[in-house]
Structures are given as C-alpha cells and as structure tokens.
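To start, the structure itself, in structure tokens.
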Amino acid sequence: MACFCRQRVQALVRIVHLISNLNIGGAECALCTLVQGMQGLPIQHVVVSMMPNGVLVERLRDAGAQVVELGSRRSLSAVSQLHRLGKAVQDAHPDLVQGWMYHGNLAASAISLCRYTRAPVIWAVRQRLERLSDNRLRTRLVILASRAFASQPRRILYNSIDAAMDHSRFGYPLARAQVVPNAVDCERFKPRPGVAAALRRDLGLDPTSLLVGRIGRNAAMKGNGMLLTAFKRIAAVEPRAHLVLIGPSMTDDDPQLNDLVDEAGLRGRVHRLGAKLDIENFYPAFDLVISSSSNTEGFPNVIAEAAASGTPVVATDVGESRSILRQSELLVAPGDVAALTRVGSSVLALTDEQKTRLGRTLRAGIVERYAVQKIIHRYLTIWRECVDAPAQF
C-alpha cells in the first residue's frame with residue numbers, strides 16, 4: 001500500500017474504529033479530533049459504536065466519517081453479540097481495524113480471529129492500570145479476558161509511557177507497545193477574548209470574579225472530593241473565587257455531587273453546567289483550570305486543552321501531566337489537598353498580565369508537541385506499517 005499522504009495515495013484507505021460509545025469522554029473526543037484532522041486525506045473512517053445515541057455522532061459525520069451505531073445497552077453485552085459487530089465490520093471492507101479502549105480492543109481481536117475480516121488489528125489503550133480494583137467489575141472482566149488476545153494486534157497504542165508499563169505487568173506484550181500522545185486541535189482550543197466576561201454574565205457573577213474550572217465527569221478517578229476540599233480552602237481566603245464544573249454528571253441533580261458540595265459548604269460558590277459540546281468556549285474563560293485526577297489517568301486531555309487555550313493549569317502529577325505542562329511548580333501529588341490549595345491559590349493571585357504570560361508559555365508547548373497534524377502523522381505512519389507488514393500471529 002502506498003504512503004498515506006495527499007500526494008501519493010490513489011485509492012481510498014478504509015479504517016474501521018470500534019468503540020463502546022460516542023458520548024463525551026477522553027477516548028471518544030480523541031477519536032473525533034483525529035477524524036476531523038484527517039479531512040481532505042484519502043481515508044474513509046467507519047466508526048462502529050456498540051451503543052446508540054452518542055452525542056458525538058454528528059461531529060464525526062460532519063467530518064466525513066460513516067457512523068454505525070448498534071443497539072446494545074451496555075458495552076459488555078455488545079462484546080457478547082459478536083455476530084452483529086462482525087457483520088458491521090465485514091460490510092465496511094476495512095484495510096485496518098482499530099479498537100478503542102478495552103471493550104473495543106477485545107471486540108476487534110475477537111472479530112478478526114473469527115474471520116469476519118482479515119484486516120490487521122490495532123488496539124488503543126487510554127488509561128493507566130496500576131490496580132485492577134480501580135476499575136468497575138465489568139471493565140475488570142474485559143481487562144482480564146483481553147490478556148488472552150493481547151498478542152493478536154499488530155500494535156497496542158498507549159497515550160502514556162506509564163500506561164504501557166502498567167499493562168505490561170498485566171500480560172500485555174511490551175514488544176507491541178507504542179506510545180502516541182493525544183492530539184490537540186490548537187485552532188479549536190485557543191485564547192478567545194470576551195468569553196470570560198460572557199460566562200460571568202451568564203452565571204450572574206460580578207465582573208471581578210475569579211473563575212476556577214474543572215472539566216471531567218463525576219467519577220472517583222477524577223478526584224472531585226479532593227478538588228472541593230481544596231477549593232473550600234481557596235475560597236476562604238479569596239472571596240471572589242467561584243468553581244465551575246463541566247462534564248457528564250456535573251449537574252445539580254447528581255446526588256453524589258450534591259453531597260460533596262454540601263459537605264464542603266460551597267453552595268453558591270460551585271456552578272455545575274453539565275456536559276458541553278462547545279467546551280472550547282469555556283477553557284479561555286477561566287482564570288485557572290484544575291485537574292485533580294488520580295493515577296488512573298494516562299494523558300489528561302483537559303490539561304492539554306486548557307494549556308492550548310492559554311489558561312493556567314494546576315494538575316496532579318499523574319500520567320503524562322508532567323510532560324504536558326513541563327513546569328513542576330504547577331504539579332501536585334495525587335491526594336495532596338494542602339499542595340493543591342497552595343499552588344492553586346498562588347496562580348489565582350497572579351496579576352492578569354502574569355496569567356497571560358504563563359498561558360502563552362503553556363500554549364506554545366502544546367503547539368510544539370501535540371498539535372493535531374503532528375500526531376496524525378504518527379498515526380498514519382503506524383497504520384501504513386501495519387497494513388504493509390505481514391501478519392505476526
């Protein structure tokens with residue numbers, strides 16, 4: 001097969017992506033970014049989602065992808081419905097099949113071994129695996145089952161070095177591992193003058209308010225309890241500070257989140273906006289973005305996207321956070337509430353000019369290392385190598 005580039009490819013290359021769902025999440029958004037960034041290349045993307053009604057479907061279709069949604073209510077039950085998945089892949093006539101996350105990876109290999117397709121398979125693993133118990137029971141079962149298939153894919157792509165090493169200890173062959181960081185669309189995520197004032201107006205806040213943003217779902221791995229405890233301490237000394245929570249389940253009707261906010265005594269200082277498809281309009285509105293995630297994170301998208309937006313970031317030192325920020329003074333140990341309070345307060349105390357200067361430095365680093373076209377080139381190289389190489393199993 002010829003090189004995947006505009007000048008040399010004559011025939012259409014068909015890549016099938018298998019994923020559990022197309023709702024807002026790190027892997028799902030990473031897939032969207034790749035597909036959108038490849039518009040104009042002679043590549044046809046077919047995205048097969050095990051579950052229906054994904055909010056990212058239209059974004060993928062607008063980027064030229066064909067999207068097939070199956071009717072499974074849970075991703076694990078979809079894996080058991082192998083024939084339906086196999087037929088969806090078979091009908092796409094792929095040159096390559098890429099699984100996304102554990103369920104998609106296992107399904108991709110099972111379909112290949114059952115000969116629904118002879119196209120090479122790649123896995124994409126999107127998190128660390130320090131402890132199996134960090135995952136829900138269904139996910140643990142899929143992780144354990146995947147070990148029996150882990151020598152089947154041509155490559156296992158990880159978005160962090162730590163993730164690759166973690167999985168090697170669970171039986172995933174290191175010889176097939178390749179680390180490819182997430183891509184960041186630096187034209188989408190960029191400074192946007194005026195959005196900060198607009199958000200303050202929408203929230204009914206004083207123009208001098210300081211906005212701290214946290215983007216991510218309400219899950220244990222996101223460390224929201226740590227975040228709220230630290231923010232309570234920050235707010236005690238900075239009365240202008242308000243916390244804005246964005247993401248799935250980050251809403252007023254989530255009882256678990258209500259309990260956390262009430263326990264911290266932060267009613268009126270925490271604003272829960274739910275999931276947002278236009279998240280690029282929120283990052284630049286914040287004076288500070290905090291990522292309080294635990295060690296299960298691989299490549300925290302929110303850190304890179306906030307930095308690309310020119311917004312100062314404070315993050316826990318997990319996964320690729322250190323590589324993304326390259327400023328150790330902005331990192332704290334997971335669970336260290338005192339450090340998060342201290343560093344977060346110090347960034348909020350910066351003058352507007354100092355915040356802008358810090359934001360420019362962070363953005364320049366993202367553009368240099370993670371701009372979408374740089375990462376797309378790495379994917380294209382891997383895909384070309386896998387399609388051209390003979391089977392290894």
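Basis for what follows: all heavy atoms, side chains included, without hydrogens, waters or symmetry-related copies.
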Can you name the residues that form a side chain to side chain donor-acceptor pair (under 3.5 Å) with [X], not counting sequence neighbours?
X: Q178; value: R155
X: S133; value: none
X: T351; value: Q354

How about [X] and [Y]: does a side-chain donor come under 3.5 Å of a side-chain acceptor?
X: R272; Y: N258; result: yes
X: T117; Y: Q90; result: no
X: W100; Y: S20; result: no
X: Q152; Y: W123; result: no
X: T251; Y: D253; result: yes
X: N224; Y: N218; result: yes
X: Q127; Y: N135; result: yes

Once rounded to the nearest 0.5 Å, what's the spacing between atom [atom1] of [X] and atom [atom2] of [Y]?
X: L157; Y: N105; atom1: CG; atom2: CG; value: 9.0 Å
X: E385; Y: R154; atom1: CD; atom2: CZ; value: 11.5 Å
X: H17; Y: L60; atom1: NE2; atom2: CG; value: 9.0 Å
X: L330; Y: S321; atom1: CG; atom2: OG; value: 11.0 Å
X: L288; Y: L210; atom1: CG; atom2: CG; value: 9.5 Å
X: R126; Y: L31; atom1: CZ; atom2: CG; value: 9.0 Å

Quick test of your reading: applying salt bridge (charged side-chain N to carboxylate O under 4.0 Å, His left out), list the pairs with at least one residue in [range], sequence neighbours left out, ordered by first then second residue.
range: residues 307-332; result: D317-R322
range: residues 224-245; result: E238-R240
range: residues 356-375; result: E353-R357
range: residues 27-43; result: none

Tell me, yes or no, whether the heavy-atom count around [X] atom [atom1], taken from other residues, nucleotides or ligands under 6.0 Å, exceeds 12.
X: R140; atom1: CZ; result: yes
X: I382; atom1: CD1; result: yes
X: R267; atom1: CZ; result: yes

Taking all non-hydrogen atoms of both residues into account, name the closest pair between [X] and [Y] and its distance.
X: A107; Y: L85; value: CB-CD1, 4.0 Å
X: Y379; Y: Q98; value: CE2-NE2, 3.7 Å
X: F170; Y: L129; value: CE1-O, 3.3 Å
X: A164; Y: V179; value: CB-CG2, 4.4 Å
X: A275; Y: P248; value: CB-N, 4.0 Å
X: A108; Y: V97; value: CB-CG1, 3.9 Å

Give the intermediate values and the outcome of side chain to side chain contact (heavy atoms under 4.5 Å, CB included) for residues V270 and V244. CA-CA 6 Å; V270 177; V244 180; over 6 Å; no
Set of residues satisfying salt bridge (charged side-chain N to carboxylate O under 4.0 Å, His left out) with respect to K355, sequence neighbours excluded: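 So K355 forms a salt bridge (charged side-chain N to carboxylate O under 4.0 Å, His left out) with D287.
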Report the residues that fulfil salt bridge (charged side-chain N to carboxylate O under 4.0 Å, His left out) with D134, sequence neighbours left out, ordered by chain and then residue number.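 Residues passing salt bridge (charged side-chain N to carboxylate O under 4.0 Å, His left out) with D134: R131.
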Can [Y] be reached from [X] by stepping across I, L, V, M, F, W or Y side chains whose heavy atoms are under 4.5 Å apart?
X: V195; Y: F189; result: no
X: L203; Y: L257; result: yes
X: I324; Y: I290; result: yes
X: L266; Y: V289; result: yes
X: L380; Y: Y370; result: no

Compute the ring centroids of F286 and H242, then answer whether they are less than 6.0 Å apart.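 Centroid separation for F286 and H242: 6.0 Å or greater.
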Tell me, with the steps shown, if H83 and Y116 meet side chain to side chain contact (heavy atoms under 4.5 Å, CB included). CA-CA 9 Å; H83 179 66; Y116 284 96; 2.9 Å; yes
Anything under 3.5 Å between a donor and an acceptor, one on a side chain of residues 297-307, the other on a protein residue two or more places apart or in another chain? List them.
unit_1	atom_1	unit_2	atom_2	d
E297	OE2	K222	NZ	2.8
E297	OE2	S293	OG	2.8
N301	OD1	N182	ND2	2.4
N301	ND2	G26	O	3.2
E305	OE1	Y283	OH	2.7

Would you check if the side chain of [X] reaches a backbone N or O of [Y] as a donor-acceptor pair within less than 3.5 Å?
X: S49; Y: M51; value: yes
X: S209; Y: L205; value: no
X: R61; Y: V67; value: yes
X: S112; Y: S109; value: no

List the steps, then state whether side chain to side chain contact (heavy atoms under 4.5 Å, CB included) holds for Q327 with T361. CA-CA 10 Å; Q327 298 200 40; T361 300; 3.7 Å; yes
Do the ring planes of Y102 and H167 sit parallel (below 30°), tilted (30 to 60°) or perpendicular (above 60°)?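 It falls in the tilted class, 30° to 60°.
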Using atom types as modelled, flag every donor-acceptor pair under 3.5 Å from a side chain in residues 332-344 to any protein atom, sequence neighbours excluded.
unit_1	atom_1	unit_2	atom_2	d
D336	OD1	A338	N	3.4
D336	OD1	A339	N	3.0
T341	OG1	V337	O	2.8

Between D206 and R200, is the closest basic N to carboxylate O distance under 4.0 Å?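 Answer for the salt bridge query: no.
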Evaluate the criterion salt bridge (charged side-chain N to carboxylate O under 4.0 Å, His left out) for residue pair R14 and D95; output intermediate values, then yes/no. CA-CA 5 Å; R14 295 178 70 82; D95 296 296; over 6 Å; no
For D278, check side-chain contact (heavy atoms from CB on, under 4.5 Å) against everything at least two apart and list the hits.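 For D278, the residues satisfying side-chain contact (heavy atoms from CB on, under 4.5 Å) (neighbours in sequence not counted) are K276, E280, N281, F282.
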Applying side chain to side chain contact (heavy atoms under 4.5 Å, CB included) to L277 and V55, what does each step give before you reach the verdict? CA-CA 8 Å; L277 287 175; V55 299; 4.2 Å; yes
